[in-house]
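Below is one structure, written out as structure tokens; the observations come after it.
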Amino acid sequence: MRILVTGGTGFIGSHTAAELLNAGYDVVIADNLCNSSPEVIDRIQDVTGKRPVFYEADIRDRAAMERIFRENEIGAVIHFAGLKAVGESVQIPLTYYENNIAGTVTLCQVMEQAGCHVFVFSSSATVYGMTNPVPFREDMPTSATNPYGWTKRMLEQILTDETVAHPEWSVVLLRYFNPIGAHPSGLLGENPNGIPNNLFPYIAKVATGALPRLNVFGNDYDTPDGTGVRDYIHVVDLAKGHLMALEYAFNHKGAEAINLGTGKGTSVLELVHAFEKASSVSIPYVIAPRRAGDIATCYADTEKAAKLLNWHAQFGVDDMCRDGWNYMVKREGK
Ligand code: NAD
Ligand code: UD1
């Protein structure tokens, strides 16, 4: 069975491509490389001993998508391709709506034409918005607070509408919590250019000396130590969740939203200390004002993933920090 992985040279897509290859699937990757490098294909081969087929292609390019479906018998699509920086989405909303929404619509139209109806989509816990109580459950009301979040919220609606109109479709909307860490080999991981927006890559860059200190965004939240609490999930656990979601999608019809998280909350300072333990490097930090749009606490209700997918996260934050640091050491030679 041949699976198209859009965004497959990116952080989560590359780990998922590796898990798919290890599980015996053939993998075709389509990525326009706007936020990743073609060397990732070599790294996936190093990790799995198998080489995915690679197309440097944009999901908005209908002719390119048609060519991929013409040249490959695609059994299902796992769709990671998208822009994901919250702050940037506020600055350039039309770019986000065009890339994420128009791109996904084009991809689905080409799938429809090709008779491929199995789709696993990268959604986000951001769709739970600012007012739901934790733990977040899939049947809670969804909303968004920024254009990035709206692209996820709107695509969940668009994909659900498609399954209603065309019952042969099977769509799994995976709501990721906070994916961090790296492949234990140290060959795949996340290393954003410039100053990272997200906590884990920021801590990692402080640890390598690329950044002087961490700004902790607020220590007056209603949480045990006052800093924000999130549900960090190892990227390898997340990748494995996609395989289980794919199996589920092959055997069901309609659209189903499913959380992929650990169900455990970790504060900013707890993550800093776990990273210090894993790296033996001290992470200087200062308390800074709260970041606009942040909530105090976010973690998943994991019952639905357990019940429908038989999936549970295996790794804890110490593993995530160990593997994330190992990746940085290998990559940066630190
Ligand atoms: P990433 O940026 O590392 O990977 C996304 C990949 O998509 C990149 O390789 C990029 O080059 C590619 N891409 C972007 N637009 C494209 C287009 N128009 N055509 C083809 N390729 C395109 O991001 P990631 O962290 O691996 O995230 C993957 C998906 O998961 C995204 O949709 C993201 O919104 C979603 N998600 C990520 C997180 C997270 O914390 N990383 C959380 C929730 C949801
Ligand atoms: C952010 C996005 C979310 C997106 C997710 C994955 C916002 C408001 N939310 O989630 O929509 O799905 O990334 O891309 O941007 N923190 C610091 N200092 C830093 C960075 C972060 O203290 O330099 C704190 C934050 O206040 C938060 C925690 O660390 O409490 C996690 O932040 P981050 O890694 O950015 O993830 P989210 O905000 O959960």
Side-chain angles (χ1 to χ4, degrees), residues 11 35 83-92 124-126 128-131 134 136 145-149 176-182 186 189-235 261-262 264-300 315-334:
F11 174 46
N35 198 36
L83 300 175
K84 62 165 185 173
V86 171
E88 184 184 65
S89 81
V90 177
Q91 307 299 322
I92 48 170
S124 167
T126 194
Y128 289 110
M130 312 268 303
T131 52
V134 286
F136 294 152
T145 53
N146 55 69
Y148 166 73
Y176 311 154
F177 282 70
N178 289 58
I180 61 169
E190 182 183 35
N191 193 8
N193 291 328
I195 298 179
N197 299 305
N198 297 118
L199 180 61
F200 190 82
Y202 202 108
I203 292 176
K205 288 210 171 185
V206 173
T208 63
L211 291 167
R213 74 191 68 80
L214 171 71
N215 297 302
V216 175
F217 296 146
N219 66 349
D220 57 353
Y221 284 106
D222 183 14
T223 61
D225 66 16
T227 66
V229 167
R230 296 291 182 272
D231 184 341
Y232 296 98
I233 171 168
H234 197 299
V235 64
T262 66
K264 293 189 192 73
T266 301
S267 76
V268 173
L269 292 181
E270 283 171 335
L271 192 66
V272 166
H273 295 135
F275 200 98
E276 287 179 322
K277 200 170 83 183
S279 64
S280 305
V281 176
S282 111
I283 309 292
Y285 67 85
V286 291
I287 305 299
R290 290 182 177 192
R291 181 173 66 179
D294 275 355
I295 54 176
T297 305
C298 168
Y299 57 89
F315 297 111
V317 285
D318 290 340
D319 305 307
M320 302 175 209
C321 291
R322 179 199 61 219
D323 293 338
W325 177 240
N326 178 42
Y327 172 73
M328 290 304 278
V329 169
K330 281 219 162 138
R331 202 189 150 102
E332 312 254 322
K334 296 277 172 191

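Residue numbers start at 1 and run along the sequence shown.
Residues A204 and W325 share a closest heavy-atom pair of O-CZ3, 4.5 Å. For the residue pair Y232 and T266, the shortest heavy atom distance occurs at CE1-O, 3.6 Å. Nearest approach of V317 to A274, heavy atoms of both residues: CG2-CB, 4.5 Å. Here the closest non-hydrogen pair linking P284 and V206 is CD-CG1, 3.7 Å. Annotation for P196 and Y202: closest pair O-CD1, 3.3 Å, computed over non-hydrogen atoms. Closest approach of N146 to S89, counting heavy atoms only: OD1-OG, 4.0 Å.
Rounding to the nearest 0.5 Å gives a distance of 12.0 Å between OG of S279 and CG of N326. Rounding to the nearest 0.5 angstrom, the gap separating the CD1 atom in I203 from the CD1 atom in I283 is 6.5 Å.
Contacts classified as salt bridge (Lys or Arg N to Asp or Glu O under 4.0 Å) and involving residues 275-284 (residues at least two apart or in different chains) are given here: K277-D318. Judged as a side chain to side chain donor-acceptor pair (under 3.5 Å), the pairs with a partner in residues 213-226 (not counting sequence neighbours) are, in order, D220-R290, D225-T227, D225-S267.
Listed by chain and residue number, R322 satisfy the side-chain hydrogen bond (donor to acceptor under 3.5 Å, both in side chains) test with D319 (two or more places apart in sequence, or in another chain). Residues passing the salt bridge (Lys or Arg N to Asp or Glu O under 4.0 Å) test with K84, sequence neighbours excluded: E190. For the ring-ring contact (aromatic ring centres under 6.0 Å, His included) test, residues two or more places apart in sequence or in another chain that qualify with F200 are F275. A292 pairs by the side-chain contact (heavy atoms from CB on, under 4.5 Å) definition with nothing, not counting sequence neighbours. Partners of F315 under the ring-ring contact (aromatic ring centres under 6.0 Å, His included) rule, at least two apart in sequence or in another chain, are H234. Qualifying side-chain hydrogen bond (donor to acceptor under 3.5 Å, both in side chains) partners for K205, counting only residues two or more places apart in sequence or in other chains: none. Every side-chain hydrogen bond (donor to acceptor under 3.5 Å, both in side chains) that Y176 has, sequence neighbours left out, goes to S122, H242. With sequence neighbours left out, F11 forms a ring-ring contact (aromatic ring centres under 6.0 Å, His included) with H15. Contacts of Y128 classified as ring-ring contact (aromatic ring centres under 6.0 Å, His included), with partners at least two apart in sequence or in another chain: F136. D294 meets the side-chain hydrogen bond (donor to acceptor under 3.5 Å, both in side chains) test with R291; sequence neighbours excluded.
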Full working for side chain to side chain contact (heavy atoms under 4.5 Å, CB included) between R230 and I295: CA-CA 9 Å; R230 296 291 182 272; I295 54 176; 4.2 Å; yes
Full working for side chain to side chain contact (heavy atoms under 4.5 Å, CB included) between I180 and C321: CA-CA 8 Å; I180 61 169; C321 291; 5.6 Å; no
L269 vs V216, side chain to side chain contact (heavy atoms under 4.5 Å, CB included): CA-CA, chis, key distance, verdict: CA-CA 8 Å; L269 292 181; V216 175; 4.3 Å; yes
Side chain to side chain contact (heavy atoms under 4.5 Å, CB included) assessment of I92 paired with L83: CA-CA 11 Å; I92 48 170; L83 300 175; 5.8 Å; no
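For the pair V268/L199, a side-chain contact is recorded, criterion being any heavy-atom separation below 4.5 Å from C-beta on.
More than 12 non-hydrogen atoms from other residues, nucleotides or ligands lie less than 6.0 angstrom from CZ of F217.
The backbone N or O of A300 sits less than 3.5 Å from a side-chain atom of D231, completing a donor-acceptor pair.
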